[in-house]
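Here the structure comes first, spelled out in structure tokens, and everything after it is commentary.
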Amino acid sequence: RQFGRASGPRKAMYRIMVTDLLKHGQIKTTVAKAKEIGPLAEKMITLGKKGSLHDRRQAAAFITDKSIVKSVFDDIAPRFKGRAGGYTRITRLGVRAGDAAEMALIELVD
């Protein structure tokens with residue numbers, strides 16, 4: 001999926017959306033974007049579960065807010081300690097009024 005963007009702006013959009021998802025616990029977006037950022041968010045949580053310095057630096061290179069990196073390693077990852085993947089859930093919400101794009105809520109599973 002290219003979303004009408006060049007690779008640089010597209011990757012920046014992914015980084016910002018994953019950061020917002022980890023910050024707020026859920027975000028409302030289109031289904032296609034939710035399907036793209038789900039595996040990226042799960043990768044960040046997996047890095048948090050491993051917890052080494054190298055993993056922290058890899059997460060810091062992707063997540064745009066350093067306080068969220070700390071939150072992933074200290075708060076979010078320990079919540080999923082006993083869970084082997086599947087940290088996000090996508091719930092379809094229907095279509096957006098303006099352009100009939102299919103909307104979804106992507107959230108961290110509790």
Discussion item. Within a 6.0 Å radius of atom CZ on R57, are there more than 12 heavy atoms belonging to other residues, nucleotides or ligands?
Written reply: no
Worksheet item: Would one find more than 12 heavy atoms of other residues, nucleotides or ligands at under 6.0 Å from atom NZ of K81?
Response: no
Discussion item. Hydrophobic clusters here meaning ILVMFWY residues chained together by side-chain heavy-atom distances under 4.5 Å, can you tell me if Y14 and V31 are in one?
Written reply: no
Worksheet item: Honestly curious: do V18 and F3 fall in one hydrophobic cluster under the side-chain, below-4.5 Å linking rule?
Response: yes
Worksheet item: Just one of K28, R96, K33, R92 clears the salt bridge (Lys or Arg N to Asp or Glu O under 4.0 Å) bar with E102, so which one?
Response: R92
Quick one: [atom1] on [X] to [atom2] on [Y], what's the gap to the nearest 0.5 Å?
| X | Y | atom1 | atom2 | value |
| --- | --- | --- | --- | --- |
| I76 | L22 | CD1 | CG | 5.0 Å |
| I90 | K35 | CD1 | NZ | 7.0 Å |
| L40 | K43 | CG | NZ | 10.5 Å |
| S67 | K23 | OG | NZ | 7.0 Å |
| T29 | D20 | OG1 | CG | 10.5 Å |
| M17 | I37 | CE | CD1 | 4.0 Å |

Compare every heavy atom of [Y] with every heavy atom of [X], then report the nearest pair and how far apart it is.
| X | Y | result |
| --- | --- | --- |
| F73 | P78 | O-CD, 3.8 Å |
| M44 | V72 | O-CG1, 3.7 Å |
| T88 | A41 | CG2-CB, 4.3 Å |
| A77 | G48 | CB-C, 3.4 Å |
| E36 | P39 | O-CD, 3.6 Å |
| L21 | L108 | O-CD1, 4.3 Å |

Worksheet entry | K49, R79, E107, E42 screened by side-chain hydrogen bond (donor to acceptor under 3.5 Å, both in side chains) with Y87, the one that passes | K49
Item to complete: List the steps and the verdict of side-chain contact (heavy atoms from CB on, under 4.5 Å) for V109 and R83.
Response: CA-CA 10 Å; V109 176; R83 189 178 185 102; 3.8 Å; yes
Discussion item. Can you list, by chain and residue number, the hydrophobic cluster partners of L93 when the side-chain cut-off is 4.5 Å?
Written reply: M103, L105
Worksheet, complete the sentence: Applying salt bridge (Lys or Arg N to Asp or Glu O under 4.0 Å) to D74 and not counting sequence neighbours gives K70
